[in-house]
2 protein chains.
Amino acid sequence: VRNLSRAFAFAALLAASASAWADPQDTIDYRRHVMKTMGEQVAAIRMILEKKAPADNLAVHVAVIAATAPQAKKAFEPQVPGGNAKPAVWADWADFSKRLDSLVAATDELAKAAKGSAAAVTGAKLQALPCQGCHETYRVPPKAPPK
Amino acid sequence: VRNLSRAFAFAALLAASASAWADPQDTIDYRRHVMKTMGEQVAAIRMILEKKAPADNLAVHVAVIAATAPQAKKAFEPQVPGGNAKPAVWADWADFSKRLDSLVAATDELAKAAKGSAAAVTGAKLQALPCQGCHETYRVPPKAPPK
């Protein structure tokens, strides 16, 4: 009976996620919205570090990235290759999701430090976030360099 | 002496803000990053409300918008028309900035409600945010419909 109810629970789970992610293109679009959010905020931080914009929002930019990072994990859960995501995301899900967890932890830590002092956010700290390594492994390289 | 030191202080302020916003294009790029951040998160919320994505991140999406809204005020401070911003932004700065303040207040309130229950975020609530009215008045209409 326990196995049976487990099977039912699993079927219900499948049905629920099928209804929430009806269309593969929706899944791709949704995760793109999440990743672009982080991209825009990282770009804003880069501008501040390059003295192209004032630093007033710096701590908030980091806080927004820290709040957005956990969205990514949910967004990548459905196994739908496409967009810029390589199939390796799901083939190596344990590694990929571990990297997302470390992104969440690292951005959270940096956000806390930035709240204390905006000077905590440096180019080196930004570079140390696990963005690039993950992109190199799991993202189809963008055709044009990102703005 | 007081006037002189005030004059110096003002000159220093000008020099500081000139160095922080050296290039008008930087100003335009920076505020674009901020506005696009909100756009991506609003698009994610729309997908959830349309049942195209699961609701797990709903409260966090609203929280991210609430955290990003105050960035916009700083981003629009320099009087640099261009991008999608009409000159009216600065001609009617009192109205524009009041609208930004009400966006901050409204998103903050919705974020608090969403944290209590994701059901608080409805299409009507999203529609009630002061986005569209402000865009209609102060934004050059996008050529292609936004994705």
Side-chain angles (χ1 to χ4, degrees), chain A residues 13 16-78 80 104 111 115 146-147, chain B residues 13 16-78 80 104 111 115 146-147:
Chain A
L13 189 72
S17 55
S19 71
W21 298 101
D23 186 331
Q25 189 58 48
D26 288 342
T27 301
I28 294 167
D29 289 347
Y30 181 76
R31 68 188 183 221
R32 226 172 217 171
H33 291 313
V34 170
M35 298 312 284
K36 276 191 176 175
T37 299
M38 286 198 277
E40 297 293 344
Q41 292 288 300
V42 167
I45 292 176
R46 283 224 180 92
M47 291 192 72
I48 293 171
L49 296 180
E50 291 166 4
K51 311 278 184 207
K52 293 178 174 175
D56 308 67
N57 288 331
L58 188 52
V60 184
H61 287 307
V62 182
V64 166
I65 295 171
T68 309
Q71 297 177 8
K73 194 146 176 200
K74 197 74 207 170
F76 278 98
E77 267 177 16
V80 180
V104 171
K115 211 173 169 182
K147 274 195 76 173
Chain B
L13 189 73
S17 56
S19 72
W21 297 100
D23 185 332
Q25 189 57 49
D26 288 342
T27 302
I28 294 167
D29 289 347
Y30 181 76
R31 69 189 182 222
R32 225 171 220 172
H33 291 313
V34 170
M35 298 311 285
K36 276 191 178 175
T37 300
M38 286 197 278
E40 297 294 344
Q41 291 289 301
V42 167
I45 292 176
R46 282 225 180 91
M47 291 192 73
I48 293 170
L49 295 180
E50 290 167 3
K51 311 277 182 207
K52 292 179 175 174
D56 308 66
N57 288 331
L58 187 52
V60 185
H61 287 307
V62 182
V64 166
I65 293 170
T68 309
Q71 298 177 6
K73 196 149 177 197
K74 196 75 208 171
F76 277 98
E77 267 177 17
V80 180
V104 171
K115 209 173 169 182
K147 274 193 75 172

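Labels below follow one simple rule: chain letters A, B, ... track the order of the sequence lines, proteins then strands, and each chain is numbered from 1. Side chains included, hydrogens not; waters and symmetry mates left out as well; all remaining heavy atoms used. Note that this is a predicted model, so its numbers are computed, not measured.
- B:Ile65 does not touch chain A: none of its heavy atoms, backbone or side chain, sits under 4.5 Å away.
- With rounding to the nearest 0.5 angstrom, the NZ atom of B:Lys74 is 13.0 Å from the CG atom of A:Leu58.
- With rounding to the nearest 0.5 angstrom, the CD1 atom of A:Ile48 is 10.5 Å from the NE2 atom of B:His33.
- Atom CG of B:Asp29 and atom NZ of A:Lys52 lie 8.0 Å apart (nearest 0.5 Å).
- By the 4.5 Å heavy-atom criterion applied to side chains, B:Lys36 and A:Lys36 are not counted as neighbours.
- Results of the side chain to side chain donor-acceptor pair (under 3.5 Å) test with A:Thr37 over B:His61, B:Gln41, B:Glu40 single out B:Gln41 as the only residue that passes.
- Counting only heavy atoms from C-beta outward, the side chains of B:Gln71 and A:Val64 approach each other to under 4.5 Å.
- Heavy-atom distances place no part of A:Ala63 under 4.5 Å from chain B, backbone and side chain included.
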